Amino acid sequence: MTDRYQVVGNPIAQSKSPWIHAAFAAQTGEAIHYDRHRPEPEGFAAHAAVFFEQGRGMNVTAPYKLDAYAFAHQLTERARLAGAVNTLKKLPDGSLLGDNTDGYGLVSDITDNLGWPVAGQSLLILGAGGAVRGVLGPLLEAAPASLTIANRTLSKAEDLAQLFAHKGRIDCLPFEALNCPYDLVINATSAGLNGEMPALPDGFIGEQTRVYDMTYGAEPTPFLRWAEGQGARIRADGLGMLVGQAAEAFFVWRGVRPDVRPVLSALRAELKAV
Ligand code: ATR
């Protein structure tokens with residue numbers, strides 16, 4: 001029987017993961033079956049228990065990453081630090097390993113696909129929710145000169161700084177205190193998902209600032225359009241992060257690392273065609 005994988009979330013109809021993993025499977029010659037599922041609102045654990053009677057691995061997206069964290073029998077170090085699981089793998093002894101590949105996906109997109117430096121750069125992250133917690137470990141490991149978190153609710157940024165203090169120094173600011181340009185700015189607020197824009201001041205994005213939005217779409221996101229208006233010439237959305245986290249999950253499951261670039265190009269074309 002073909003090894004079975006699945007992405008689980010709510011909503012799930014729009015998920016690109018089945019498309020991405022089918023492309024990885026075709027590229028690498030790995031035979032896998034990968035589909036999608038939306039459980040009942042409180043039904044993640046019940047669904048996962050049934051799925052893993054046969055299934056080999058699961059990708060988990062909002063709002064179930066904390067449920068997957070609780071469901072795993074063992075956690076990788078990066079999942080523990082992220083406080084969330086986006087990848088479950090059934091181990092040979094039948095137990096479930098919880099992993100988190102989001103931070104890897106982000107950092108590999110920025111450094112490998114886009115070729116932007118992180119080491120030695122001043123880095124600003126906007127937002128302090130679960131998405132930020134998921135990527136802080138790999139970002140700190142990439143050795144920026146400084147890392148600042150700005151959030152509407154300052155105390156949430158300070159909580160993250162404390163949580164990651166053993167991995168590196170994090171400065172925290174309210175949005176209104178942002179006043180000098182950074183080398184790299186990453187938007188990780190969920191505002192764009194609702195078509196909103198955080199209330200941001202002028203002055204922290206310059207012509208040389210590289211600007212990344214963790215959300216993506218067929219059109220430039222509201223944040224990237226705003227950044228363009230601020231003068232930023234180098235901008236990218238989070239489609240490459242999506243493909244990068246999927247590639248790392250594929251590697252965790254299959255031990256084979258797909259080439260993300262052709263899949264990312266094809267997915268971009270597909271997104272624009274819809
Ligand atoms: P996620 O898992 O996507 O990070 P989350 O944990 O709910 O979701 O966090 C959402 C983040 O987006 C938070 O940093 C939130 O700011 P607050 O901590 O102040 O709530 C931020 N956010 C969402 N909508 C926003 C908006 N319209 N303006 C500014 N920040 C916003």
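Worth saying up front: this structure is predicted, and the values here are computed from it rather than measured. All heavy atoms count here, side chains included; hydrogens, waters and symmetry mates do not. All ligand and atom numbering here is 1-based and tracks the order in the structure.
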Q) Got a donor-acceptor contact below 3.5 angstrom from the Arg38 side chain to the Ile12 backbone? A)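 Not a single qualifying donor-acceptor pair exists.
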Q) Is any NZ, NE, NH1 or NH2 atom of the basic residue among Asp35 and Arg4 found under 4.0 Å from an Asp or Glu carboxylate oxygen of the other? A)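 Salt bridge: yes.
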Q | salt_bridge(Arg78, Glu248) N-O dist < 4.0 Å | A |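 Yes, Arg78 and Glu248 are salt-bridged.
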Q. Ligand 1: which residues have a non-hydrogen atom closer than 4.0 Å?
A.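 The answer is Gly127, Ala128, Gly129, Gly130, Ala131, Asn151, Arg152, Thr153, Lys156, Phe175, Thr189, Ser190, Ala191, Glu196, Pro198, counting any residue whose heavy atom sits under 4.0 Å from ligand 1.
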Q) Can you find a pair of side-chain heavy atoms, one from Arg210 and one from Val185, that are under 4.5 Å apart? A)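 Result no, sub-4.5 Å side-chain heavy-atom pair not found.
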Q) Is there a side-chain contact between Met241 and Tyr212 (heavy atoms, below 4.5 Å)? A)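 Met241 reaches Tyr212 side chain to side chain.
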(Q) Parallel, tilted or perpendicular: which one describes the rings of Phe44 and Tyr64, with boundaries at 30° and 60°? (A)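 Parallel, since the angle between the ring planes stays under 30°.
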